[in-house]
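Proteins get letters first, then strands, A, B, ... in listed order; numbering begins at 1 in each. What you see below is based on every heavy atom in this structure, not just the backbone, and it leaves out hydrogens, waters and symmetry mates.
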Amino acid sequence: MAFIEVSSLTKEFKIYKRKSGFGNVLKSLYHRDYEIKKAVSGIDFNINKGEVVGYIGPNGAGKSTTIKMLAGILVPTSGTVCVDERIPYKNRKENAMHIGVVFGQRSQLYWDLPMNETFDLYQKMYRINNAVFKRNVEFYVELLAMKDFIKTPVRQLSLGQKMRANIAVALLHDPEIVYLDEPTIGLDVVAKDRIRHFIKEINKEKQTTVILTTHDMDDIAQICDRLIMIDKGRKIYDGSLEYFKQTYSTGYMLIVDFQNANENLFNSKFKVVKEEGTTKWILFRKEEISAPEVVSYITQNFAIRDFSLKEPDIEEIVRHIYEKDIQPVAYK
Amino acid sequence: MHYIDLYFQFIKINLKSMVEYRSSTISVALAEATGFFAQFGIVWVMINQFKTIGSWGPYEVLLLFALNLLSYALASFFVARLSNGLPNMILMGRFDEVLTKPMNPFLYLTCSGFSYGYFCHVIVSIIVIVMCFAKLCIKMTALKILFFIIVVISGALIQASASIFSAVPTFWMIKNSSLRSLMFSLSDFIQYPISVYNKAVQIVLTIIFPFAFVNFYPAQYFLEKSDFLMFSPIIQFLSPLVAIILFVGSYLFWISGIKHYNSTGS
């Protein structure tokens, strides 16, 4: 039995239809049409202890809804969720004892007080024994570099500082699983890096299972071993990041600056996708031709000034998938 | 035990938050206290003009008024956040956080929502009650004091239930300010002896929205009155029973409301 098991998970919401026009507004007072919207529709996945999983998808794909069902906040319409042999919405309190949840858009901290006051409160709430509490606070303050502002009222902290504090609060009780819903939203590069580093460390030190939703593909590239992608409530990819890149990537890009313009490149194994003066963008797939082969072919046949190679970029791939509306392909 | 411990932690943290805005807190407290003395004053002036209201003397009416206020304030100490805050919490999706805590949501909201705003209500109403008892020369025996405490607790439970009943529909309706204002206007009736209203109102306030059990019926035991309308005199002792039934009912209603919670997008 996997640590987290989700099967045919579905959540439906009733959406009341709004019509324009004063007459219709009056009518809607006594009768309203509604439609059923499936926010999550038949999702399956298993997650093992200690995995760091990136859960991605466009806005409204059902990411938060899935997380809320995993955390026991929402009751599924159908299907099953099982987290560490507990059904979250049935054993909500017990489940809550073993999980940490951070919603990137919201704060758990007491606005007017320094964060350590919130820490003390959570110690009581989660019945954390003193030794563990002290050790964790020290560890997190150190790792998240919070020493300078631990005594500052939360309202005076920057967004990045608040986010760090929120993550620390959610992890005080050594949860086995952490759900992070857009933990890096709105943060600058340095702050993002700190949080990514922290998540990696926690996962390494404590074998914490992490499920993270994000729109920032660097989050995924830097901390996740596995990617689950959903769209319109359905799972469209589940597997390693490497495999994802290979499967969906349009290919590697070789950018070559030739000595002469209008060189005539013809090869069935690669494709010139863009030209600008003497520079050409050449797209190829590793399965068809290796990078050295492409380079040697070009350098042998043409005079070039410079070249550079670009690996497939996840951001690019994801954009491609969202826009093209690609439907479920083989899972790994 | 755990909850009591936690409750004090919440009180501590709320106190500290409050101290951060010291001048605001002091001015709010002063404004509230002034407001309530003014309200008592109005009742006082009215009764002095009319001498009695439906065979109830000035201090008797004042006692009703103070009992209502005291039980309302005690209830609000605990359920203010739960009932006043719930609509907004649900609308903004903040109720999610409540459900991620390893606690009973009802107790979490009562613990965390400890509110100092009602402290003045309690002090003012206790002063007025003591004054009424003194002026009416009511001899307080141990038994009477015990029953009085029970009556106040029952009143607080009834007021709390009313608050909960009016807040829970938010789980279905998202916005329901009208229900709350209906509840408040109904509870305004019991500022005066309900014997002055017509029969329909009396029945509503006794059976459907039993606010009369907060002050009108139990107060008669202390005042040795027998103004029981169309009901049996035993009704003066029924407040605790009514309170327990209402409170259990409101809690069950709350539970069914939570089951309907659908969160919001984020």
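The part of Ser107(A) that comes within reach of chain B is its backbone (N, CA, C, O), which places non-hydrogen atoms under 4.5 angstrom from that chain. Contact of Val98(B) with chain A is made through the backbone alone, with heavy-atom distances under 4.5 Å. With a 4.5 angstrom heavy-atom cutoff, Leu121(A) touches chain B via backbone and side-chain atoms both. Only the side chain of Leu113(A) comes within less than 4.5 Å of a heavy atom of chain B; its backbone N, CA, C and O stay farther away. Proximity to chain B is limited to the side chain of Lys11(A), based on heavy atoms less than 4.5 angstrom apart.
Contact annotation: the side chain of Phe95(B) never approaches that of Ile73(A) to less than 4.5 Å [non-hydrogen atoms, C-beta and beyond]. No side-chain heavy atom of Lys12(B) sits less than 4.5 Å from a side-chain heavy atom of Lys124(A). At least one side-chain heavy atom of Pro105(B) sits less than 4.5 Å from a side-chain heavy atom of Arg92(A). The shortest distance between side-chain heavy atoms of Asp120(A) and Gln9(B) falls below 4.5 Å.
Here the CD-CZ distance, from Glu97(B) to Phe103(A), works out to 7.5 Å after rounding to the nearest 0.5 Å. Note: Met103(B) CE to Met125(A) CE = 6.0 Å, rounded to the nearest 0.5 Å.
For chain B, the option among Glu94(A), Met97(A), Lys14(A) with the highest count of heavy-atom pairs below 4.5 Å is Met97(A). Annotation: maximal heavy-atom pairing with chain A below 4.5 Å, among Ile258(B), Ile13(B), Asn14(B), Asp5(B), occurs at Ile13(B). Chain B forms more heavy-atom pairs under 4.5 Å with one residue of Ile99(A), Asn95(A), Leu74(A) than with any other, namely Leu74(A).
Around CZ of Phe8(B), the count of heavy atoms belonging to other residues, nucleotides or ligands within 6.0 Å does not exceed 12. Residue-environment remark: NZ (Lys49(A)) exceeds the threshold of 12 foreign heavy atoms within 6.0 Å.
Nearest heavy atom pair, residue Thr100(B) against residue Ala96(A), reads O-CB, 3.4 Å.
Between Lys101(B) and Tyr122(A), the side chains place a donor N or O and an acceptor N or O closer than 3.5 Å (distance only, hydrogens not considered).
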Please evaluate residues Arg106(A) and Asp96(B) with respect to the criterion salt bridge (charged side-chain N to carboxylate O under 4.0 Å, His left out), reporting the C-alpha separation (whole Å), side-chain torsions for both, the decisive distance (0.1 Å), and the verdict.
CA-CA 10 Å; Arg106(A) 305 199 191 113; Asp96(B) 289 355; 3.4 Å; yes
